[in-house]
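Worksheet: the structure to be examined is printed underneath.
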There are 2 protein chains.
Amino acid sequence: MSRSDLSQNVCTVARTVEMVGETWSLMILREMFLGSRRFDDLQRRTGCSPHLLSQRLKRLEAEQIVERRSYSERPPRHEYRLTERGRDLWPVVIALKNWGDRWLDKTGAPPIELTHKACGQITRPSMHCSACGEPVDARSVTVRLSPKMARDRATADR
Amino acid sequence: MSRSDLSQNVCTVARTVEMVGETWSLMILREMFLGSRRFDDLQRRTGCSPHLLSQRLKRLEAEQIVERRSYSERPPRHEYRLTERGRDLWPVVIALKNWGDRWLDKTGAPPIELTHKACGQITRPSMHCSACGEPVDARSVTVRLSPKMARDRATADR
DNA sequence: GCGACTCACTTCATATTTTGAAGTGAGTCT
DNA sequence: AGACTCACTTCAAAATATGAAGTGAGTCGC
């Protein structure tokens, strides 16, 4: 199965992975959440080659995750902005950050520090149950697949 | 900059992306969170080629995200299990799922349904502030970079 | 009005990765 | 004995990524 066949998958994780689950797409998203908007900034701060950056931005634009807009006619200048769809990928980047801060950082002081505007405290957002509000992890839930998803996986068994 | 240079990055997001931010690694993780443990199951249910699956599992094992263990001497049989480190990647997969459920699913019934064991309710975990417990998103936080991280990004500017 | 510079890319040759089909080897099952 | 399962490995072809160099519109300083 080729990577792009994932878009046909019933599983929404698979389809999301197909859209943004590439190294440089994730790096571009990180960088945009840190505030970069311009091509050159993205290129230097992510370390991505201009060729690939250009390809990735086109894809992210086609997927309506980023928007390309002109902010000056003369000289002609553009910038890339996250759409609502794009901003909604924030938890993915935060989840990656949390894992890295916990398991890869040796200094104890994470390279990116977040402050919650509303409460003014330094925060490290984590997953909570939407029903009861308690923290949740892999072990605190049970999984149920929709019939369609179960069939999809069964079909792959042939 | 090549993909593997990301591991030298100060940013823990970059380093995490380098470790697990590949299409098939993420698919393997999804599948393991759904309960698959055996090579063949992973292969068929993710759709990954056996060659690549083998490579990815070796990498995930080297990174101590999964553990390979024998569950039968004769016949010789192995299974792969998530370590604690691996289980801690759950929020990444959930964040991908949430995004996909919101933006890609047209049916309204997500293919994977989670139930919180403690409260018995169907749940869709989301990010909450670790300090005050309120829900947080991209717009509700301010970002501060550590001096090292700021330097790292500045250096890339040369 | 010339040369240097910035931004936002594109082009191209080379290198690396992925894909998919086929094969392997230990062992069980009938 | 033959078919089958599991857990892979091998290999060639195809797809993708990398990195250096180039482009073109425009500005800035002298």
Side-chain angles (χ1 to χ4, degrees), chain A residues 1-9 14 17-28 31-32 36-62 66-81 156-158, chain B residues 1-9 14 17-28 31-32 36-62 66-81 156-158:
Chain A
M1 191 201 267
S2 81
R3 215 191 145 273
S4 60
D5 293 335
L6 290 176
S7 62
Q8 303 308 309
N9 216 294
V17 164
E18 203 261 321
M19 295 185 91
V20 298
E22 292 165 300
T23 299
W24 297 113
S25 299
L26 290 168
M27 289 299 292
I28 291 166
E31 200 44 48
M32 293 188 82
S36 295
R37 293 162 168 39
R38 297 211 315 273
F39 190 96
D40 275 34
D41 285 342
L42 290 170
Q43 201 245 295
R44 286 170 306 179
R45 300 221 238 259
T46 59
C48 180
S49 74
H51 178 56
L52 196 50
L53 177 59
S54 162
Q55 283 192 199
R56 287 291 174 271
L57 285 172
K58 274 177 192 149
R59 249 195 95 187
L60 291 172
E61 200 191 345
V66 306
E67 238 172 35
R68 182 177 186 269
R69 40 161 114 161
S70 151
Y71 67 91
S72 151
E73 287 293 324
R74 21 195 44 247
R77 291 289 181 265
H78 309 100
E79 61 177 7
Y80 294 89
R81 298 280 210 129
D157 277 336
R158 270 184 294 125
Chain B
M1 190 201 266
S2 81
R3 213 190 146 277
S4 60
D5 294 335
L6 290 176
S7 62
Q8 303 308 310
N9 216 295
V17 164
E18 204 261 321
M19 293 184 94
V20 298
E22 291 164 300
T23 298
W24 297 114
S25 299
L26 291 168
M27 288 299 292
I28 292 165
E31 201 45 46
M32 294 189 83
S36 295
R37 295 162 169 31
R38 298 210 315 272
F39 190 95
D40 275 34
D41 286 343
L42 290 170
Q43 201 243 297
R44 286 170 305 180
R45 300 222 239 258
T46 59
C48 180
S49 73
H51 177 57
L52 197 49
L53 177 59
S54 162
Q55 283 191 200
R56 286 292 173 272
L57 285 172
K58 275 177 190 147
R59 249 195 98 187
L60 291 171
E61 202 191 343
V66 306
E67 237 172 36
R68 183 178 186 269
R69 41 161 113 161
S70 150
Y71 67 92
S72 151
E73 286 293 324
R74 19 198 44 246
R77 291 288 181 266
H78 309 99
E79 61 176 9
Y80 295 89
R81 298 280 210 130
D157 277 335
R158 268 184 293 125

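Just so we're clear, the structure is a prediction, and the values are computed from it rather than from any experiment. Order of the sequence lines sets the chain letters (A, B, ...), proteins ahead of strands, with each chain counted from 1.
Of the side-chain N and O atoms in B:K58, one or more sit less than 4.0 angstrom from OP1 or OP2 of D:dT9. Proximity of A:Y71 to the phosphate of C:dC7: no side-chain N or O atom is located under 4.0 Å from OP1 or OP2. For B:Y80, no side-chain nitrogen or oxygen approaches OP1 or OP2 of D:dC6 to under 4.0 Å.
Which of D:dA17, C:dG20, C:dA8 sits closest to the side chain of B:S49 comes down to C:dG20. Taking only side-chain atoms of B:R68, from C-beta outward, the nucleotide of D:dA17, D:dA7, D:dC8 with the closest atom is D:dC8.
Distance CD (A:E79) to C1' (C:dC7): 13 Å, rounded to an integer number of Å. When the P atom of D:dA17 is taken as reference, atom CG of B:L6 falls 14 Å away, rounded to whole Å. One can place CG of B:L42 at 11 Å from C1' of D:dA7, the figure rounded to the nearest angstrom. The distance between atom CG of A:L52 and atom P of C:dC9, rounded to the nearest whole Å, is 14 Å. The nearest whole Å value for the distance from the CZ atom in A:R56 to the C1' atom in C:dT10 is 16 Å. Taking atom CH2 of B:W24 as the reference point, atom C1' of D:dT16 lies 15 Å away to the nearest angstrom. In this entry the distance linking CG of A:L53 with P of D:dT16 reads 18 Å, nearest Å. Computed from coordinates, the B:Q43 CD to C:dT19 C1' distance equals 12 Å when rounded to whole Å.
Side chains of A:R44 and A:D41 form a contact here, defined as non-hydrogen atoms less than 4.5 Å apart. At least one side-chain heavy atom of A:W24 sits less than 4.5 Å from a side-chain heavy atom of B:L6. Annotation: side chain of A:I28 is not in contact with side chain of A:Y80 (no heavy-atom distance under 4.5 Å). Looking at heavy atoms from C-beta onward, A:Y71 lies in side-chain contact with A:R38 at the 4.5 angstrom threshold. Looking at heavy atoms from C-beta onward, A:E61 lies out of side-chain contact with A:L57 at the 4.5 angstrom threshold.
B:R59 pairs by the side chain to side chain contact (heavy atoms under 4.5 Å, CB included) definition with B:R3, B:E18, B:E22, B:E63, not counting sequence neighbours.
Remark on DNA chain D: of its neighbouring residues B:S54 and B:R38, the 5'-side contact belongs to B:R38, judged by nearest-heavy-atom nucleotide.
Closest of all the heavy-atom pairs between B:T46 and B:M27 is CG2-O, 3.7 Å.
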Query raised in the report: What one-letter contact string describes nucleotides 21-30 of chain C from 5' to 3', where B marks a base within less than 4.0 Å of any protein heavy atom, S marks contact via sugar-phosphate atoms alone, and - marks no contact?
Result: ------SS--
